[in-house]
Amino acid sequence: MTSPQGRFTQSASVVNETPFIKAEAFGKHLFITFGHGKVIHIHLGLYGKWTFLSHTPEPVGLIRIQMSTPQACAQLRGPNACALISPDEVKIIRAKIGPDPIRKDDPQSARATVLASRTPIGALLMDQTLFAGVGNIYRAEVLFRSGIDPQTPGKELTSEQFDTLWRDLINLMKIGVRRGRIDTVRPEHLPKVMKRAPREDRHGGEVYVYRRTGLPCHVCAHEVAESDLRGRNLFWCPNCQK
DNA sequence: GCCTTATGTTCAC
DNA sequence: TGAACCTAAGGCT
């Protein structure tokens, strides 16, 4: 392990040559455990990115962590968080992470909180203590797929609606892990989606409403709407989501 | 080339 | 509520 531009050199040297034990994700947080209880905590944030290569090239750009073996190389750029942390710090971070749909966590506590809250479900879905791992894309897409208006207060949802959202998050996030991209469009709507103008959806997946402002809804052709909710872009179809 | 934007979080006011 | 963090890609001139 190295840190070519020095940002992480001291921590990298601590785990250098120590055996890799495991890498685990809880919500958006990644914990890489090495021998002697050394743990590196990583959060990619908005633009953090891993690059995996079959060789170790000369560093290009700012690389925070580079892990190399003779056969492979992993480079980390632009993470929100990247630090060697203590077991106590792991506990503190873990304690703030709520149930994660793809970890088969029990959503019981989150369900109770959501169904009692006056906060819009569109905001609740972004709360990592309630829906660990859910971000702006899954927020928009899961609400579209359930036909729920993002401004609906949590307490106005039925428990059946909550359970449907949770099950759909499990479903969509599992697909996301498998494919390495976020696809949310049901098979019956795919033909329509494939006919869309080129260059749409440049985040890489096939979606219903995320970043499709002003374009026709793939289901009803109504214009997709955009607004700001708690400082994040919110996308929805005013006709399908009421 | 420069400007804007982005799958996010934390902290200051 | 806004700024800071910090990288890359796309849009525009």
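Lettering follows sequence order; numbering is per chain, from 1. Nothing here was measured: the structure is a model prediction, and the numbers come from that model. Below, each value reflects all heavy atoms present in this structure, side chains not excepted, and no hydrogens, waters or symmetry copies.
- What separates CG of A:L229 from C1' of C:dT1 is a distance of 14 Å, to the nearest Å.
- When the P atom is used for both C:dA4 and B:dT4, the distance is 15 Å, rounded to whole Å.
- For the P atom pair drawn from C:dT13 and B:dT5, the interatomic distance equals 14 Å after rounding to whole Å.
- At whole-Å resolution of the value, OH in A:Y138 and P in B:dG8 are 11 Å apart.
- C:dA9 and B:dT9 have their P atoms separated by 22 Å, with the value rounded to a whole Å.
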Contacts table for residues 228-240 of chain A: side-chain donor-acceptor under 3.5 angstrom, sequence neighbours left out:
unit_1, atom_1, unit_2, atom_2, d
A:D228, OD1, A:G231, N, 3.0
A:N239, OD1, A:K242, NZ, 3.4

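- Between A:N233 and B:dA6 there is a side-chain N or O to OP1 or OP2 distance below 4.0 Å.
- A straight line from CD of A:E226 to C1' of B:dT5 spans 11 Å, rounded to a whole angstrom.
- We find that CZ of A:R77 is positioned 14 Å from C1' of C:dA9, with the value rounded to whole Å.
- The nearest pair of heavy atoms linking A:P150 to A:Q241 is CD-NE2, 4.0 Å.
- The other residues sharing a hydrophobic cluster with A:I97 are A:F26, A:F31, A:V39, A:I85, A:V90, A:I93, where clustering joins ILVMFWY side chains under 4.5 Å apart.
- With sequence neighbours excluded, the residues that form a ring pair (Phe, Tyr, Trp, His ring centres under 6.0 Å) with A:H189 are A:Y208.
- The ring pair (Phe, Tyr, Trp, His ring centres under 6.0 Å) search around A:H29 returns A:H41, A:H43, not counting sequence neighbours.
- Nucleotide C:dA8 holds its P atom 13 Å from the CG atom of A:L44, rounded to whole Å.
- Between A:R139 atom CZ and B:dG8 atom C1' there is a gap of 12 Å when expressed in whole angstrom units.
- Counting to the nearest Å, the C1' atom of B:dG8 and the CD1 atom of A:I97 are 14 Å from each other.
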Below 3.5 Å between N/O atoms, which protein atoms pair up with nucleotides 9-13 of chain B? Just atom names and distances, please.
unit_1, atom_1, unit_2, atom_2, d
B:dT9, O4', A:N80, ND2, 3.4

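- Using P as the reference atom, C:dG2 and B:dA6 are 16 Å apart when rounded to the nearest Å.
- Residue A:G231 is the one, among A:K49 and A:G231, whose nearest nucleotide of DNA chain C lies closer to the 5' end (criterion: closest heavy atom).
- Spacing between atom CG of A:L46 and atom P of B:dG8 amounts to 7 Å, rounded to whole angstrom units.
- Side chains of A:T56 and A:S68: a donor-acceptor N/O pair is present below 3.5 angstrom, by distance only.
- Sorted by first and then second residue, the salt bridge (Lys or Arg N to Asp or Glu O under 4.0 Å) pairs involving residues 157-174 of chain A (not counting sequence neighbours) are A:R111-A:D163, A:R145-A:D168.
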